[in-house]
Every structure is written in structure tokens, then in C-alpha cells.
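Remarks on the structure that follows.
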2 protein chains.
Amino acid sequence: MKIDKSLLTGSTTLLVLSLLAEGEKYGYQMIQELAAKSDNTFQMKEGTLYPILHGLERDGYVTVSQRWSGGRQRRYYRLTGKGRGLLEDKVKEWKFFSGKVGDVVASYCPELA
Amino acid sequence: MKIDKSLLTGSTTLLVLSLLAEGEKYGYQMIQELAAKSDNTFQMKEGTLYPILHGLERDGYVTVSQRWSGGRQRRYYRLTGKGRGLLEDKVKEWKFFSGKVGDVVASYCPELA
DNA sequence: TTATTATACATTGGCCGCCGATGTATTGTC
DNA sequence: GACAATACATCGGCGGCCAATGTATAATAA
């Protein structure tokens with residue numbers, strides 16, 4: 001299913017943090033994993049991901065360790081304690097928000113809910 | 001709970017269409033109703049709503065009948081058949097999208113889901 | 001051998017959606 | 001007569017996402 005781009009706005013950081021909850025990962029890997037896990041629903045672009053990762057690093061939500069792996073230089077991102085806290089907040093926020101949207105739809109058009 | 005503004009992006013039209021599923025309504029009323037139904041989670045601004053309504057009218061998703069009611073001039077918006085179709089599409093899209101986000105979160109951080 | 005694809009990271013201009021600010025006008029209330 | 005609430009409207013600006021583009025290396029195919 002084709003998803004309107006604007007729906008994604010605001011949830012991309014949540015998706016990135018979720019990916020990192022499992023353990024450290026590098027950027028390219030995160031894009032591939034997210035596409036695979038979501039049946040290509042979420043095809044995150046480099047122009048979206050890398051600036052987000054840089055911001056998370058700048059604000060202390062992730063740490064980076066650049067090293068060789070599989071014959072490649074890769075930048076591995078890992079959640080800090082603060083980053084874990086941000087993830088928990090974002091998950092709460094998402095559940096609250098999506099629940100409210102569902103409530104409104106169910107309330108006004110129950111036959112579609 | 002305070003919701004990050006950007007989360008709303010892309011779902012505002014869905015909310016507006018949902019409100020109109022019940023029957024014709026005027027702008028100011030829709031803002032009040034939405035706030036009440038969502039416990040003030042969705043405090044839609046005039047600067048958001050009116051341009052959306054104008055666009056929906058322009059594209060044939062709603063029709064407008066301006067008339068007096070309660071000692072006020074009001075512009076009542078009503079869903080067309082095309083508008084009803086758009087609502088159904090948007091609901092499907094929303095359910096698909098929110099389900100996928102939930103899947104990803106549950107998959108990578110099941111303890112938070 | 002060379003061309004092509006995949007991997008990996010990065011930046012930037014621009015588009016689009018939302019909203020704060022502001023404006024106008026009328027009705028109800030103190 | 002002043003003020004709040006109702007009701008509609010517009011516009012500049014901000015912020016998030018991404019298409020386009022660039023660099024570099026490794027693997028694969030021709």
C-alpha cells in the first residue's frame with residue numbers, strides 16, 4: 001500500500017530509535033532492515049536518516065563508533081541511557097496519539113473502524 | 001499529553017473528513033467538537049482548518065451551503081460521494097500505516113509495546 | 001580488464017503541511 | 001459601552017522530509 005509521505009512526519013525518529021533498541025547498527029543497515037521488516041512500507045531515504053542520526057548524536061541520544069566490518073568502514077550507532085528514555089517517551093506519545101486518532105474515527109464513522 | 005505537532009501531519013484531513021461523516025458541520029463547530037472528543041489532544045487551528053476545507057471544496061470532496069443559524073451566518077460543509085470515498089481511503093491508509101508502525105516498534109522493542 | 005551494481009556515508013535546495021499572528025464582523029454578556 | 005465569544009479568512013514563516021547529487025570502495029558481471 002502506498003502511504004502518503006506526510007503521514008510519516010514525526011514518526012521517523014521513533015522508527016529509528018526502535019531499530020536501535022535491539023543493539024548498535026549502522027545507517028545503511030537500518031534502511032535495509034526497516035524496509036524488510038515493514039514489507040517496503042517504510043523506505044527511508046539517506047537524506048532523511050543521516051541528518052536524524054547526526055542530530056541524535058549531537059543531542060546525546062546515541063553514541064557512534066566507526067570501525068571496519070565486512071571489508072567496510074561503518075559508523076555504528078548505539079542508544080545511550082538518554083536515548084533509551086527518548087525512545088520510551090516516543091513510544092508512549094505514539095500510542096497515545098494513534099489511539100486518539102482511532103477513537104475519533106471510530107466515534108464519527110464506526111462503520112469504517 | 002502533549003503531542004509533537006509533526007505527528008499530526010498528514011492525519012488532519014482524515015480527522016476533518018471523519019467529523020463530516022456524521023453530517024454537515026461548520027468550521028468553528030468542527031474545531032470545538034474535535035477538541036472535546038479528543039480531550040483537547042487535537043486543538044486544530046483556524047489557519048489549519050479553513051485552508052483544508054477550501055481545498056476539499058475546490059476538489060469536489062465537500063459542498064458548502066451558507067445560511068443563517070442560531071443568529072449567525074455559517075458555512076456548512078457536507079461530504080460528497082467522492083468525499084466519502086476519500087474518507088474510506090484515508091481510513092484504510094491510516095489503519096495500514098499505524099499498524100505498520102506498531103509492528104516495527106513491537107518487533108524491535110517488544111517490552112515497550 | 002573494465003563496466004556496472006551494491007554498499008556506505010554525506011549534504012543541500014526545495015517542497016509541502018501546519019500554525020501563529022492578525023484581520024474583520026457580529027452576537028451575547030457584564 | 002466594554003469585553004468575550006462566535007465565525008470566517010489569509011499569509012508569512014518554520015520545520016520535516018526527500019530528490020538529487022556527490023564521494024569512495026567492494027563485489028560482480030561482461
Side-chain angles (χ1 to χ4, degrees), chain A residues 2-17 19 24-36 40-59 62 64-77 90 93-94 97 101, chain B residues 2-17 19 24-36 40-59 62 64-77 90 93-94 97 101:
Chain A
K2 187 78 172 301
I3 295 285
D4 189 300
K5 275 192 300 183
S6 63
L7 261 185
L8 224 3
T9 307
S11 55
T12 50
T13 300
L14 166 64
L15 293 173
V16 170
L17 293 170
L19 282 162
E24 64 171 13
K25 283 168 189 170
Y26 58 96
Y28 195 81
Q29 174 189 10
M30 297 170 73
I31 291 173
Q32 310 298 320
E33 272 194 29
L34 188 57
N40 290 309
T41 300
F42 303 132
Q43 304 185 23
M44 197 172 296
K45 311 300 175 186
E46 291 95 331
T48 303
L49 178 61
Y50 290 117
I52 285 176
L53 289 174
H54 299 160
L56 290 174
E57 183 190 4
R58 183 198 60 223
D59 298 337
V62 298
V64 188
S65 80
Q66 181 162 350
R67 59 180 191 273
W68 283 90
S69 169
R72 294 277 183 180
Q73 268 287 6
R74 288 165 174 165
R75 292 173 60 78
Y76 286 87
Y77 291 86
K90 291 268 181 195
E93 192 188 14
W94 165 256
F97 165 73
V101 173
Chain B
K2 187 78 174 298
I3 294 286
D4 189 299
K5 276 192 300 185
S6 63
L7 261 184
L8 225 4
T9 307
S11 55
T12 51
T13 299
L14 166 63
L15 293 174
V16 170
L17 293 170
L19 282 163
E24 65 171 11
K25 281 167 190 171
Y26 59 95
Y28 195 81
Q29 173 189 13
M30 298 170 72
I31 290 174
Q32 310 298 321
E33 271 195 30
L34 188 57
N40 291 308
T41 300
F42 302 133
Q43 305 185 21
M44 197 172 298
K45 312 300 176 186
E46 290 95 331
T48 303
L49 178 61
Y50 290 115
I52 286 176
L53 289 173
H54 299 161
L56 291 173
E57 183 190 4
R58 183 197 60 224
D59 298 338
V62 297
V64 189
S65 79
Q66 181 163 350
R67 59 178 189 276
W68 282 90
S69 169
R72 293 276 184 182
Q73 268 287 5
R74 289 165 173 164
R75 291 174 60 79
Y76 285 87
Y77 291 85
K90 291 268 180 195
E93 191 189 15
W94 164 256
F97 165 73
V101 173

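We use all heavy atoms of the structure for the numbers below, so side chains are in, but hydrogens, waters and symmetry mates are not. Each chain gets a letter, A, B and so on, in the order the sequences are listed, and its residues count up from 1. These figures come from a predicted structure and were not determined experimentally.
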Can you measure [X] atom [atom1] to [N] atom [atom2] for me and round it to whole angstrom units?
X	N	atom1	atom2	result
B/L15	C/dG17	CG	P	16 Å
B/K45	C/dG23	NZ	C1'	18 Å
A/I52	C/dC9	CD1	P	15 Å
A/W68	D/dA24	CH2	C1'	10 Å
A/I31	D/dC17	CD1	P	14 Å
A/R67	C/dC9	CZ	P	12 Å
A/L49	C/dT11	CG	P	12 Å
A/L53	D/dC17	CG	P	13 Å

*Heavy-atom pair of closest approach, residues B/K45 and B/I31*: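 Closest heavy-atom pair between B/K45 and B/I31: C-CD1, 4.3 Å.
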
_A/S6 to B/G10 - nearest heavy-atom pair and separation_ =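 Taking A/S6 first and B/G10 second, the nearest heavy atoms are OG-CA, 3.2 Å.
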
*Walk me through it: do B/L8 and B/L15 pass the test side-chain contact (heavy atoms from CB on, under 4.5 Å)?*
CA-CA 10 Å; B/L8 225 4; B/L15 293 174; 4.2 Å; yes

_Short side-chain N/O contact to D/dC17 OP1/OP2 from A/T12, under 4.0 Å_ =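 Answer yes for this pair, as a side-chain N or O of A/T12 is under 4.0 Å from OP1 or OP2.
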
*Does NZ or CZ of B/R74 fall inside the cone over B/Y28's six-membered ring, less than 6.0 Å from its centre and within 45° of the axis?*
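No, B/R74 and B/Y28 do not form such a contact.
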
*asked:* Side chains of A/S69 and A/Y26: any donor to acceptor distance under 3.5 Å?
replied: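 A/S69 and A/Y26 do not have a side-chain donor-acceptor pair below 3.5 Å.
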
_Letter per nucleotide, 5' to 3', of nucleotides 1-12 of chain D [B base touched, S only sugar-phosphate touched, - untouched; heavy atoms, 4.0 Å]_ = ----BBBBBBB-

*Are the side chain of B/K25 and the backbone N or O of B/L19 linked by a donor-acceptor pair below 3.5 Å?*
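Yes; judged by distance alone, with no hydrogens or angles, the pair exists.
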
